[in-house]
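The chains referred to below are lettered A, B, ... by the order of the sequence lines, with proteins before strands, and numbering in each begins at 1.
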Protein chains: 2
Amino acid sequence: MLRRLLRKNDSKILMLILDGLGGIRSAAFPRTALESAVTPNLDALAADGICGRSLPISIGITPGSGPAHFALFGYDPLDAHNDVGRGVLEVTGTGFDLEPRDVAIRGNFATIDAAGLLTDRRAGRLPHDEGERLCRLLGERIKEIDGVEVIVMPVREYRFGVVLRGEGLSPQVEETDPQLTGRAPLAPKPLSEAARRTADVIAAFVERAGEILKEQPRANAVLMRGISSLPRIEPFAERCGLRGAAVAGYPLYRGVARLCGMDLIATGTSIREEFEAVRSAWNGAHDFFFVHVKKTDSCGEDGDLAGKTAVIEEVDRLLPLLLELKPDVIVVTGDHSTPCALKAHSWHPVPFLLHSKVCGSDGARSFSEIECDRGALGVFPAVSIMELALANAGRLLKHGA
Amino acid sequence: MLRRLLRKNDSKILMLILDGLGGIRSAAFPRTALESAVTPNLDALAADGICGRSLPISIGITPGSGPAHFALFGYDPLDAHNDVGRGVLEVTGTGFDLEPRDVAIRGNFATIDAAGLLTDRRAGRLPHDEGERLCRLLGERIKEIDGVEVIVMPVREYRFGVVLRGEGLSPQVEETDPQLTGRAPLAPKPLSEAARRTADVIAAFVERAGEILKEQPRANAVLMRGISSLPRIEPFAERCGLRGAAVAGYPLYRGVARLCGMDLIATGTSIREEFEAVRSAWNGAHDFFFVHVKKTDSCGEDGDLAGKTAVIEEVDRLLPLLLELKPDVIVVTGDHSTPCALKAHSWHPVPFLLHSKVCGSDGARSFSEIECDRGALGVFPAVSIMELALANAGRLLKHGA
């Protein structure tokens with residue numbers, strides 16, 4: 001229905017996502033990071049705009065980053081087409097353009113002992129440049145297996161991507177990561193007859209990589225995860241009538257945006273670099289800017305309230321860099337909550353604010369979980385955010401006479 | 001599910017709809033009309049009842065009056081069966097009983113220049129009695145075209161209705177209104193082979209009407225819009241177990257109620273006349289009264305805050321005429337928002353109150369957008385209002401043991 005109501009205009013929409021933004025109060029953390037943070041700019045937007053709590057998937061469901069971002073971009077996160085494998089996400093996030101026939105795999109460099117048992121699933125969280133060097137090594141030595149082209153690329157630190165390119169491949173192969181140390185990596189088991197050859201190619205890759213890496217002090221093995229192929233996703237430009245730009249320092253988020261057909265804007269990983277990247281691209285052809293701040297989530301996962309608070313304060317301090325661009329619609333929210341009290345993603349609805357000239361205002365006086373509970377939007381599905389943003393941008397026609 | 005749970009009793013439900021009731025605060029309008037209005041009676045109902053914000057269609061979607069009213073009456077506004085053409089709505093609203101084979105058209109009297117180009121799509125908003133006179137003229141001179149019976153009826157001012165009655169007609173014909181002045185009216189193009197004859201009949205009607213009207217100073221042409229046929233709609237009496245009565249001064253709203261199978265109560269267009277009409281009919285066989293106040297919407301569309309405020313205050317002042325009837329359930333809301341700040345229908349959820357002996361109460365202290373945000377109902381779909389009203393009327397059984 002939505003596409004029928006779309007109309008074009010010159011408005012620009014800015015969506016600022018603070019990953020894992022939401023928190024909860026607990027005995028150990030009587031205030032959330034967002035409550036603790038001094039955020040005059042966000043508070044002013046909240047007070048003058050409309051607020052609520054966005055529900056990434058549904059009540060009680062803790063989302064991963066992939067489905068949570070699909071919901072933010074207006075795609076039903078439970079729709080099978082949007083159930084994109086982690087391999088596809090990571091590889092696409094590096095800027096690599098997958099073909100429909102490709103199988104994409106997320107790899108971990110790992111450490112095994114003399115008996116072949118895992119002692120570290122992340123090879124001591126290998127530094128990024130070391131990961132890059134090892135990827136070059138693998139890429140030079142493994143270019144083809146059984147007629148299948150093999151492409152190896154660094155992602156971040158201990159994580160890399162592998163693309164298998166050839167005819168007749170299938171992603172229906174089990175991961176080799178046993179998820180626990182003290183065990184041997186698993187064999188890549190085919191989940192269907194059609195995936196037998198692909199499983200054999202993956203097994204051969206694991207074996208050859210082990211030989212190449214065997215003298216490495218830490219990264220002497222690889223784990224193959226998120227074995228997947230490109231899903232069919234309706235382009236964001238058609239679905240929402242917007243030419244989208246993604247500014248995200250981390251691969252996975254670039255990957256989701258790319259899969260939706262957004263253009264990736266070159267950026268560093270600091271908040272300032274990301275905001276400057278938005279400014280550089282602002283006067284181009286894009287109608288929609290997705291800006292992703294990662295570290296709120298990382299601090300949440302570490303239970304680091306002071307760190308998460310500081311990241312939010314840094315966003316607030318730099319926010320004028322974005323506000324000066326005078327976006328017609330500004331959305332600030334998270335993809336999900338990552339409460340310090342839980343040190344993990346959680347199901348709690350996420351503080352949300354939207355500001356435009358026509359949004360109205362409500363009872364929320366500042367930007368925090370509890371003030372957003374006073375907002376006019378209530379608890380609402382994240383998948384509706386794009387419709388709300390489009391309405392505020394004057395880009396949706398009336399339904400019916 | 002609902003029908004299985006219905007039970008009868010002697011309760012009466014009153015639904016008072018203030019069209020376009022909701023507003024938003026903006027720089028130019030720091031308070032909404034509902035906030036500005038002095039409304040002691042509505043405030044008392046809100047304080048003693050339950051409140052919330054009703055969502056006519058879904059988040060971000062701006063509804064037309066037709067789908068918005070279907071939602072109020074408990075019908076899914078996105079259901080194809082409920083996507084009723086404007087011609088059907090307008091004609092039904094005059095009290096005309098359409099047959100399934102009929103094609104109904106909404107006509108505009110319009111002005112064209114010597115070159116046949118439109119100079120006014122509404123013939124200077126022709127006065128109602130002048131429109132009535134011209135409808136009589138057309139009706140006397142055009143009774144039949146190519147074996148198809150033609151019935152012309154006044155609606156309001158420059159708007160009239162045409163019914164084509166005969167076998168083998170189809171509503172799949174394009175409108176003739178180009179939506180802009182300076183252009184010639186369009187030909188009524190058939191959208192399917194089956195609609196060719198109907199298109200020819202409409203073209204002949206337009207031509208003969210042009211001849212009949214050619215000496216008129218303003219209304220010298222007609223535009224044919226909303227070409228449509230009767231949809232199949234489950235009767236309100238079966239769906240909700242209520243015999244419904246509609247008190248609405250304006251045709252379109254009578255049309256929706258009639259299509260749902262409600263009885264139309266004769267009324268004038270003033271609020272007092274409408275409320276008196278309810279009083280006259282109250283002790284009859286009806287269980288449900290829909291009362292529609294139009295002018296909140298008209299004032300909203302004009303950006304006339306003082307006017308909209310005055311209409312709301314008039315409703316409040318006259319409300320005792322309805323309260324004296326002691327309805328078991330009272331619902332007061334709008335079909336959608338029409339903020340003065342936007343001068344148009346909008347997507348913003350609508351202030352809602354329900355009062356009954358068993359509704360409970362909540363944090364809303366008076367009747368306004370921001371107080372309704374404190375209500376126990378939150379933001380909820382308008383299509384659920386009838387179920388809530390039926391529950392409060394004691395007309396819904398328990399689901400399951």
> Do you know which of A:A376, A:A389, A:G375 has the most heavy-atom pairs with chain B at a distance under 4.5 angstrom?
Replying inline: A:A376
> Out of curiosity, B:E369 CD to A:S361 OG, how far, rounded to the nearest 0.5 Å?
Replying inline: 10.0 Å
> Quick one: what part of A:L377 sits under 4.5 Å from any heavy atom of chain B, side chain, backbone, both or neither?
Replying inline: backbone
> Side-chain contact, heavy-atom cut-off 4.5 Å: A:L5 with B:I61?
Replying inline: yes
>> Under the ring-ring contact (aromatic ring centres under 6.0 Å, His included) definition, can you give me all pairs with a residue in residues 361-388 of chain A, not counting sequence neighbours?
In response: A:F352-A:F380
> From B:S58 OG over to A:E387 CD, what is the distance, rounded to the nearest 0.5 angstrom?
Replying inline: 5.5 Å
> Side-chain contact, heavy-atom cut-off 4.5 Å: A:V358 with B:W347?
Replying inline: yes
> Heavy atoms, side chains only, cut-off 4.5 Å: are B:I59 and A:P381 in contact?
Replying inline: yes
> Is there any residue in residues 42-50 of chain A with a non-hydrogen atom under 4.5 Å from a non-hydrogen atom of chain B, and which ones are they?
Replying inline: none
> Top residue by heavy-atom pair count (under 4.5 Å) with chain B, among A:D362, A:N392, A:L390?
Replying inline: A:N392
>> Which heavy atom of B:G60 sits nearest to which heavy atom of A:A391, and what is that distance?
In response: O-CB, 3.2 Å
> Side chains of A:H399 and B:L78: closer than 4.5 Å at any heavy-atom pair?
Replying inline: yes
